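None of the values given here were measured: they were computed from a predicted structure.
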Amino acid sequence: MDSSLLSLVFAASLAGFCALSLAMDRHSEDVYGRGSTPGPWRRWLQFGGALLLCVSLGASLRAAGSAIGWVLWLGALTAAAWSTVGLLSYAPRRFHWIAFTATAVALCSLLASLLPPSSAPLTP
């Protein structure tokens with residue numbers, strides 16, 4: 001299995017759950033303070049969260065095949081969901097920074113997995 005695909009599976013799952021939770025009024029208030037709602041960003045956060053979860057599914061199926069890929073994806077979803085719950089409970093003020101970092105890692109991993117493998121020899 002390719003390590004960039006495995007990091008993409010977890011990072012996209014975590015970023016997807018973070019986006020979906022920020023689309024909710026209660027979690028948005030926990031992160032940004034009382035009276036803060038997602039407002040016009042709600043639909044974009046929901047769409048982005050769903051898209052990131054789909055990217056995570058595609059990466060897990062590509063990394064482990066159609067039989068084990070589903071199990072890998074469900075495990076990554078479970079770990080990302082528990083991480084999101086822990087972050088919202090214990091570090092709500094840092095939540096948006098961790099969500100942004102997870103999104104950046106997911107994008108970098110996606111780009112790394114799309115690049116063709118180098119055929120250059122490692123030793124001169």
Side-chain angles (χ1 to χ4, degrees):
M1 282 191 242
D2 189 17
S3 62
S4 65
L5 285 174
L6 292 178
S7 64
L8 175 61
V9 170
F10 180 72
S13 297
L14 180 62
F17 278 129
C18 288
L20 288 174
S21 65
L22 285 175
M24 302 169 85
D25 289 336
R26 177 179 177 168
H27 299 308
S28 182
E29 285 182 355
D30 290 342
V31 173
Y32 295 113
R34 180 175 246 185
S36 298
T37 60
W41 288 96
R42 182 184 316 270
R43 293 289 176 209
W44 288 107
L45 287 168
Q46 290 172 343
F47 176 73
L51 181 68
L52 283 164
L53 292 178
C54 290
V55 166
S56 173
L57 173 61
S60 68
L61 291 176
R62 186 172 174 196
S66 61
I68 304 297
W70 289 97
V71 177
L72 173 67
W73 185 59
L74 290 173
L77 286 180
T78 303
W82 279 107
S83 299
T84 304
V85 168
L87 287 170
L88 282 170
S89 298
Y90 297 109
R93 296 292 178 195
R94 294 187 182 128
F95 184 79
H96 63 285
W97 292 109
I98 294 170
F100 177 75
T101 304
T103 306
V105 168
L107 289 176
C108 290
S109 297
L110 179 64
L111 290 175
S113 68
L114 292 177
L115 292 176
S118 175
S119 61
L122 296 176
T123 57

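- The same ILVMFWY cluster, assembled from side-chain heavy atoms under 4.5 Å apart, contains both Ile98 and Val31.
- Taking CG from Leu22 and CZ from Phe17, the interatomic distance works out to 13.5 Å, rounded to the nearest 0.5 Å.
- Rounding to the nearest 0.5 Å places CG of Leu57 at 8.5 Å from CG of Leu77.
- We find the CG-NE2 distance between Leu45 and His27 to be 12.5 Å, quoted to the nearest 0.5 Å.
- We find the CG-CD1 distance between Leu61 and Ile68 to be 11.5 Å, quoted to the nearest 0.5 Å.
- Heavy atoms only, all atoms of each residue included: Trp73 and Leu53 are closest at NE1-O, 3.5 Å.
- For Ala99, the side-chain contact (heavy atoms from CB on, under 4.5 Å) criterion is met by Cys18, not counting sequence neighbours.
- Note: Thr103 OG1 to His96 NE2 = 12.5 Å, rounded to the nearest 0.5 Å.
- Residue Gln46 comes nearest to Ala23 through the heavy atom pair CG-CB, 3.8 Å, listed as atom of the first residue, atom of the second, then distance.
- Minimum interatomic distance between Ala102 and Leu14 (heavy atoms only, all atoms of both residues): CB-CD2, 3.9 Å.
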Test side-chain contact (heavy atoms from CB on, under 4.5 Å) applied to Thr84 and Leu20, step by step: CA-CA 10 Å; Thr84 304; Leu20 288 174; over 6 Å; no
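- Here the shortest heavy-atom pairing between Val9 and Ser60 reads CG2-N, 3.4 Å.
- Between the CZ atom of Phe10 and the CG atom of Leu6 there is a distance of 12.0 Å, given to the nearest 0.5 Å.
- Contact annotation: the side chain of Trp41 never approaches that of Ser28 to less than 4.5 Å [non-hydrogen atoms, C-beta and beyond].
- Judged by distance alone, the side chains of Ser7 and Ser109 do bring a donor and an acceptor atom under 3.5 Å apart.
- Here the closest non-hydrogen pair linking Pro92 and Tyr90 is CD-C, 3.6 Å.
- Grouping the Ile, Leu, Val, Met, Phe, Trp and Tyr side chains by contacts below 4.5 angstrom, directly or via other members, places Leu110 with Leu5.
- Clustering ILVMFWY residues whenever any of their side-chain heavy atoms sit less than 4.5 angstrom apart, transitively, puts Leu87 in a cluster other than the one holding Trp97.
- Applying the salt bridge (charged side-chain N to carboxylate O under 4.0 Å, His left out) test to Arg42 and every residue at least two apart in sequence or in another chain returns Asp25.
- In terms of heavy-atom proximity, Ala12 sits nearest to Val55 at CB-CG1, 4.4 Å.
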